Amino acid sequence: MRDRIMARIMGNGTSAWTPEQLATMARLRDAAIADPYALDELRHLTNNIGPRLSGSPQAQAAVEYVAAEMKALGADVALEKTSVPHWVRGAETGELVSWPGQTPGTTQKVVLTALGPSVATPVEGLTAEVVVVNNWAGLKALDPAKVKGKILLFNKKFDKPLAAQEGGIYAYGDAVVYRAAGPLAAASAGAAAVLVRAVGGADYRIPHTGQTMYAPGVDKIPAAAVTAEDADTIADLASQGPVKLHMVLTPQTLPDAPSYNIIADWKGTEHPEQVVVVSGHLDSWDLGTGAIDDGAGVVVSMQAIHLMQKLGIHPKRTIRFIAWMSEEEGSQGAATYMKEHSAADFANHIGALESDLGAGHPDGVVWAGKPALGEWLQPVANALEPIGAQTFRSSPETGEDINGLTEKGVPSFAPSQDGRYYFNYHHTPADTFDKVNPRELAENAAVMTVVAYALADSKDPAPR
Ligand SMILES: [Zn+2]
């Protein structure tokens with residue numbers, strides 16, 4: 001046992017990396033912590049280019065900008081054409097027009113935001129009584145006659161204590177199903193429109209947008225999220241008597257638009273055909289500027305190639321940067337990548353990384369693959385120990401855009417970020433550049449760079 005522990009610490013002869021390669025990992029780690037490239041790129045993507053909704057001019061500008069930046073680093077850059085939804089947010093307003101205890105002649109503002117790809121209300125808006133349920137069971141228990149023609153509010157609370165203890169992703173998973181399937185359930189029950197309580201832990205009465213779903217054969221009804229505060233107010237008033245809301249949504253769904261994944265290869269010296277993917281998604285929702293979701297994932301992936309160039313490091317295998325398009329509205333870019341590459345290509349995908357859970361401190365890496373992979377990675381974990389990122393855990397999934405690769409048997413990885421606060425900002429107007437802590441962003445860049453290098457330069461490919 002002691003020998004095994006020592007072997008792990010020392011990275012002995014069974015390690016996939018030589019002492020020189022382990023020293024290179026340390027150099028890359030330290031360079032990532034000191035180098036402002038990722039932060040500077042994020043500043044440009046968020047402040048200068050701004051929100052990058054699929055199909056928007058800003059998304060296209062971001063494609064051109066990032067492609068040029070990767071070319072400037074000396075990578076081989078290709079744009080992979082895909083087709084993406086082109087939904088445009090319009091006006092969105094809401095106000096209570098009647099409720100118990102109302103002061104005559106007044107209305108009360110409700111803060112709401114359309115979910116993508118919601119249909120519009122009539123131009124003059126829609127006015128109806130709001131029926132509140134807490135969950136699916138609440139809807140099932142209702143007499144359908146009570147829902148018909150009304151606005152149905154799914155008031156599913158985001159479990160903040162769970163988010164604080166276990167990480168936001170668990171609380172998000174519990175609540176996001178209402179955002180995703182609420183319009184179908186509401187329309188099936190005959191509702192005229194649907195509201196969902198904002199999914200996330202945000203205070204300060206800010207709404208949380210995101211993708212919802214329609215299905216053939218079910219009426220497409222206007223769908224919006226209301227802030228947690230407004231959901232509480234409406235629920236309280238509705239418990240006292242009838243509450244009527246006037247809402248206006250004027251979004252438009254335009255024809256699908258051409259767009260691109262950016263693929264930038266830092267060519268391997270011995271096995272250029274073997275690739276290790278480092279990636280994030282370039283598109284974002286439009287309320288904020290897409291800093292934590294997912295500008296951060298894109299720039300820490302750019303940083304991996306920048307540091308290779310800066311330090312003159314050329315691993316045996318190719319490091320492939322990918323900026324995925326349209327993750328938010330259905331992962332069309334990732335689907336195109338899976339379609340455009342063959343089984344033989346995937347056999348040459350040695351590993352894939354994606355960062356898409358913000359830029360909080362990473363305590364290590366989550367990986368998906370055979371159990372042997374965990375043992376094999378131990379020297380890499382040791383290399384990340386000085387920045388507190390040495391905890392490697394297995395997980396069935398690592399990232400939305402690389403799940404297809406995981407399913408093909410490609411070992412996949414993601415930094416395991418501190419996600420306790422991520423859902424306070426994610427998909428809200430507050431997802432802006434200032435929410436990214438420069439030191440923590442640099443730690444994520446270090447994780448991406450070191451793991452990508454380790455996979456690209458190991459003696460044999462990672463176990464799969
Ligand atoms: Zn994302």
Side-chain angles (χ1 to χ4, degrees), residues 38 42 45-46 49-56 58-59 62-63 66 82 84-85 87 115-116 163 167-173 175-176 179-180 198-202 208-212 225 259 261-262 277-302 321-335 337 352-360 362 366 395 397-406 412-419 421-433 435-436 440-441 444 448:
L42 185 63
L45 271 182
T46 55
I49 295 178
R52 303 171 300 282
L53 199 60
S54 291
S56 68
Q58 295 102 316
V63 166
V66 172
T82 182
V84 300
W87 177 80
L115 300 174
I169 193 77
Y170 303 101
Y172 186 68
V176 75
R179 186 190 81 209
V199 182
H208 178 284
T209 191
Q211 189 73 354
T212 189
S259 191
N261 295 323
I262 303 160
V277 171
V278 284
S279 65
H281 68 83
L282 190 55
D283 66 300
S284 77
W285 285 105
D286 55 331
L287 299 180
T289 56
I292 61 167
D293 188 14
D294 184 29
V298 172
V299 301
V300 296
S301 302
M302 294 171 80
F321 163 89
I322 305 181
W324 305 103
M325 184 46 70
S326 200
E327 187 276 341
E328 297 294 1
E329 295 180 55
S331 299
Q332 285 79 10
Y337 188 87
L353 289 88
E354 179 169 28
S355 169
D356 186 21
L357 197 62
V366 294
S395 161
E397 288 183 20
T398 48
E400 185 64 32
D401 297 292
I402 58 173
N403 281 342
L405 292 170
T406 306
S412 69
F413 309 85
S416 77
Q417 285 113 344
D418 179 351
Y421 313 110
Y422 179 65
F423 292 97
N424 294 355
Y425 306 121
H426 164 270
H427 294 196
T428 76
D431 178 4
T432 46
F433 180 67
K435 300 308 180 306
V436 172
E440 293 176 350
L441 182 75
N444 280 289
M448 295 293 276

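Each ligand, and each atom within it, is numbered from 1 in the order the structure gives. Bear in mind that the values here come from a model prediction, so they are computed numbers and not experimental data.
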Student: Any chance the side chains of E400 and H281 put a donor and an acceptor closer than 3.5 Å?
Tutor: no
Student: Is the H208 to F423 ring centre distance short of 6.0 Å?
Tutor: no
Student: Take W324 and S279 through the test side-chain contact (heavy atoms from CB on, under 4.5 Å) and record every step on the way to the result.
Tutor: CA-CA 7 Å; W324 305 103; S279 65; 2.9 Å; yes
Student: Among the N/O/S atoms of D293, select the one at the shortest distance from the Zn ion (ligand 1) and name it.
Tutor: OD1
Student: Do H426 and D431 pair up side chain to side chain, a donor and an acceptor below 3.5 Å, judged on atom types alone?
Tutor: no
Student: Is H281 close enough to the Zn ion (ligand 1) that one of its N, O or S atoms comes in under 2.8 Å?
Tutor: yes
Student: Return the name of the atom in D356, of element N, O or S, nearest to the Zn ion (ligand 1).
Tutor: OD1
